[in-house]
Amino acid sequence: MIDVVLLAGRLLFVALLFVFLFAIMKTGIGLVRGQRKKERTWNLSVEKGPKELRGVAIVVRGPVIVGRSGNADIVIAASYVSARHARFSLMGQNLFVEDLGSTNGTTVNGQPIAAPCALRSGDAVSIGDVTIRVRHS
């Protein structure tokens with residue numbers, strides 16, 4: 001009789017252990033998914049400018065350089081654009097744009113910038129006649 005009770009106790013213990021481990025794994029997976037949902041994804045899309053650039057969209061995962069140079073991430077082949085004109089950078093969850101010492105400058109919502117400028121979703125960054133819309137999701 002005692003053997004049956006001990007066997008039942010062991011089976012109950014193993015079952016409770018599996019339930020406990022399942023609950024911990026479910027919580028851990030939920031935390032990881034929750035962290036991904038909180039993470040912002042910033043997108044840049046060219047709304048105005050040369051035909052070949054309109055509609056170009058880039059997901060910002062690191063620094064994005066805009067300029068006339070072939071090494072830039074968004075290449076604007078126009079004489080009013082410097083080789084390395086502006087840079088979009090992530091700092092934590094926020095997106096910033098800074099002018100890289102260009103001759104003609106960079107504007108955010110029509111205002112010239114002299115230092116790195118924090119962007120909000122919907123802001124328009126202009127480099128000459130090229131307008132880049134910033135969005136986050």
Side-chain angles (χ1 to χ4, degrees):
M1 177 69 180
I2 192 93
D3 291 335
V4 173
V5 172
L6 286 175
L7 179 63
R10 287 180 184 161
L11 291 175
L12 181 62
F13 176 73
V14 169
L16 288 174
L17 184 62
F18 275 112
V19 169
F20 176 72
L21 291 175
F22 178 75
I24 288 175
M25 286 182 55
K26 186 175 178 185
T27 302
I29 290 171
L31 288 174
V32 170
R33 284 187 183 151
Q35 288 172 353
R36 286 189 194 142
K37 286 180 185 174
K38 292 178 188 174
E39 187 176 314
R40 286 181 164 176
T41 303
W42 289 95
N43 300 299
L44 306 175
S45 59
V46 179
E47 288 189 346
K48 182 182 166 200
K51 270 199 307 190
E52 62 271 6
L53 278 180
R54 272 184 259 145
V56 169
I58 294 179
V59 176
V60 180
R61 299 192 196 291
V64 175
I65 303 293
V66 180
R68 191 175 64 234
S69 168
N71 295 334
D73 299 302
I74 299 176
V75 178
I76 304 171
S79 59
Y80 57 82
V81 177
S82 298
R84 289 174 48 89
H85 196 98
R87 174 177 44 223
F88 292 90
S89 353
L90 288 170
M91 292 184 196
Q93 298 267 332
N94 300 312
L95 182 65
F96 287 79
V97 65
E98 65 180 306
D99 187 83
L100 299 175
S102 67
T103 305
N104 296 318
T106 303
T107 64
V108 175
N109 298 325
Q111 300 298 315
I113 61 170
C117 176
L119 298 171
R120 294 177 304 202
S121 186
D123 282 351
V125 177
S126 298
I127 298 170
D129 65 352
V130 175
T131 302
I132 300 170
R133 185 73 58 183
V134 177
R135 299 208 190 283
H136 72 81
S137 52

Please report the closest heavy-atom contact between [X] and [Y], naming both atoms and the distance.
{"X": "Leu90", "Y": "Gly62", "result": "CD1-N, 4.3 Å"}
{"X": "Val56", "Y": "Glu52", "result": "CG2-O, 4.0 Å"}
{"X": "Ser89", "Y": "Glu98", "result": "OG-OE2, 4.2 Å"}
{"X": "Leu100", "Y": "Arg87", "result": "CD2-NH2, 3.6 Å"}
{"X": "Asp73", "Y": "Ile58", "result": "O-CD1, 4.1 Å"}
{"X": "Cys117", "Y": "Val108", "result": "SG-CG2, 4.2 Å"}

Inset, instruction - Count the heavy atoms of every other residue, nucleotide or ligand shown that sit under 6.0 Å from CZ of Arg84, and state whether that count exceeds 12. - result: no
Verify the cluster assignment for [X] and [Y]: are they in a single hydrophobic cluster under the rule of side-chain heavy atoms below 4.5 Å apart?
{"X": "Val60", "Y": "Val66", "value": "yes"}
{"X": "Leu44", "Y": "Leu53", "value": "yes"}
{"X": "Ile65", "Y": "Leu95", "value": "no"}

Inset, instruction - Go through the structure and list residues passing side-chain hydrogen bond (donor to acceptor under 3.5 Å, both in side chains) with Asn43, not counting sequence neighbours. - result: none
Determine whether [X] and [Y] make a side-chain contact, defined as any pair of heavy atoms from C-beta on separated by less than 4.5 Å.
{"X": "Ile132", "Y": "Val97", "value": "no"}
{"X": "Leu16", "Y": "Leu12", "value": "yes"}
{"X": "Phe88", "Y": "Val134", "value": "yes"}
{"X": "Val130", "Y": "Tyr80", "value": "yes"}

Hey, what do you get for [atom1] ([X]) to [atom2] ([Y]), rounding to the nearest 0.5 Å?
{"X": "Arg10", "Y": "Leu6", "atom1": "CZ", "atom2": "CG", "answer": "6.0 Å"}
{"X": "Gln111", "Y": "Thr106", "atom1": "CD", "atom2": "OG1", "answer": "13.5 Å"}
{"X": "Ile127", "Y": "Asp99", "atom1": "CD1", "atom2": "CG", "answer": "8.0 Å"}
{"X": "Lys48", "Y": "Arg54", "atom1": "NZ", "atom2": "CZ", "answer": "10.0 Å"}
{"X": "Arg133", "Y": "Ser45", "atom1": "CZ", "atom2": "OG", "answer": "8.0 Å"}
{"X": "Ile74", "Y": "His85", "atom1": "CD1", "atom2": "NE2", "answer": "12.0 Å"}

Legend entry - Side-chain donor/acceptor of Trp42 to backbone N/O of Ser121, under 3.5 Å: no
